[in-house]
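These notes concern the structure reproduced below.
Both counts, for ligands and for their atoms, begin at 1 and track the order of listing. Remember, predicted model here, so these are calculated numbers, not experimental data.
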Amino acid sequence: MPKKEKEKTSEASALKEKLFMKRKNTGFEMSEAETAKADKFCEGYKSFLDTAKTEREACAEAVRLAEAAGFVPFDKGASYKPGDRVYSVNRGKAVILAIIGKKPVSGGVNIAAAHIDSPRIDLKQNPLYESEGLGYFKTHYYGGIKKYQWPTIPLALHGVIYKADGERVDVKLGEDENDPVLVITDILPHLADEQYKRPAPKLIKGEELNILIGSRPFRDDKASEAVKLGMMCILNEKYGITESDFISAELECVPAYKAKDVGFDRSMVGAYGQDDRVCAYTALSAVLAVKGTPDRTAVTVLTDKEEIGSEGCTGLKSSYMKYFLYDLAESFGVNGRTLLSNSKCLSADVNAAFDPTFADPFEKLNASFAGRGVVVTKYTGSRGKSGTSDASAEFVSEVRRMLDKDGVIWQTGELGKVDFGGGGTVAMYVANLDIDTIDVGVPVLSMHAPFEVTA
Ligand code: MN
Ligand code: MN
């Protein structure tokens, strides 16, 4: 190459180096020691995924770990000092953990909020029936699922039943190696000509998500519904329940398999419910790992009902987090709204990882990628940014500097192309409390599928 041209090229690369944004890849950026540390962390993550497949189980596991780390139940009206560790459970389905900081809470608190509910198949209130010698549960799906993904995979049943006298029975069936599993059936391809003509969202219809639970009839009974009776006898023996007790139950069907490493290099985790337990586990681990007393009060919220729009008394559209923060403020003689207005929040939720096989719905320049660090999402929503809080440039700047200062590998991401769909997180409900909020989470492949993948 002539000398002059060579100089020009090196000038261009120097300028590129200086002016262009650099995209990072954990595969290049992380040392082998760091990768080994991450892999080790994921062992704990995988066992959390296996232990906590529902919001109730995740809440109970968080409380167990928090108590082991010295957290005690928050006592409204008690006085607290820096370094104190408290937690508050909301109806067994959501939990808030806090470590009191050195600085007064009047200056606000730092919040990390993740959700512990995931898309699943709930039982209806009157679920049990038999048809042509087979026993079934009727279901109503929870959250945004592609219904065709749920038949023909092993399902486990988790939840609680309250008997007529109010006694609680916990149910967890299908997780032990020796447990039976349940399943939703699908029509064989040989006879699927008519099914194939349906539009994809109706390939399996909501009322076809019937769970097969048995086939052996109650013996010596010429009466009708012998299979249903057979099933009810087993349920009565195992749980002490009668059919009416399903009315006061919350029973959730989730995939029965365990979390696994994915890939020859074991670089990914495949499991049910990583949206959003990948953020719940990390947020929980972070607050439990705080040594001594942080500067600002650290608050971790593990919430419920995000997948159906954060509605209800255990979702973040309700006031439970606000009430907790008001109570916390009050215990220091501080006005609740002063604490809220000065607080900041990382809404810890997943984003869609770019999928090369299904590249079309993504806009590559602004998509997030698996293996390129946590994704900071300034806004979610759909259409013209409807249904999002859209974090300010000022707050993005603050978060950006924080991440860079501590050498965190991160990327930005938007949920797909403009007008291709969309979604939301808890961010806007926290932001609605006058709290600066931004989404920070992990990119997920096959989000909301029974087997999701993260790097
Ligand atoms: Mn989520
Ligand atoms: Mn979700």
For this session: Just grab all the ring pair (Phe, Tyr, Trp, His ring centres under 6.0 Å) pairs involving residues 375-411, residues at least two apart or on different chains.
Result: none

Exercise. Closer than 2.8 Å to the Mn ion (ligand 1), which protein N, O or S atoms?
Worked result: H115 NE2, D275 OD1, D349 OD1, D349 OD2

In residues 248-265, what donor-acceptor pairs under 3.5 Å come from side-chain atoms, sequence neighbours left out?
| from | atom 1 | to | atom 2 | distance (Å) |
| --- | --- | --- | --- | --- |
| S248 | OG | Y162 | O | 2.6 |
| E250 | OE1 | R56 | NE | 3.4 |
| E250 | OE1 | R56 | NH2 | 2.3 |
| E250 | OE1 | K93 | NZ | 3.1 |
| E250 | OE2 | K93 | NZ | 2.8 |
| E252 | OE1 | R120 | NE | 3.4 |
| E252 | OE2 | R120 | NH2 | 3.4 |
| Y257 | OH | P450 | O | 2.9 |
| K258 | NZ | E175 | O | 3.4 |
| D261 | OD1 | K46 | NZ | 2.6 |
| D261 | OD2 | K46 | NZ | 3.4 |
| D261 | OD2 | R266 | NH1 | 2.6 |
| D265 | OD1 | S267 | N | 3.1 |
| D265 | OD1 | S267 | OG | 2.9 |
| D265 | OD2 | S267 | OG | 3.2 |

Exercise. With a 3.5 Å cut-off and no angle check, do the side chains of D275 and H448 form a donor-acceptor pair?
Worked result: yes

Problem set entry | Residue pairs, two or more places apart or on separate chains, that pass ring pair (Phe, Tyr, Trp, His ring centres under 6.0 Å) and touch residues 412-445 | none

For this session: Inspect the contact between D170 and R168 and indicate whether a charged nitrogen and a carboxylate oxygen are less than 4.0 angstrom apart.
Result: yes

Exercise. Is the closest side-chain donor-acceptor distance between D439 and S347 under 3.5 Å?
Worked result: yes

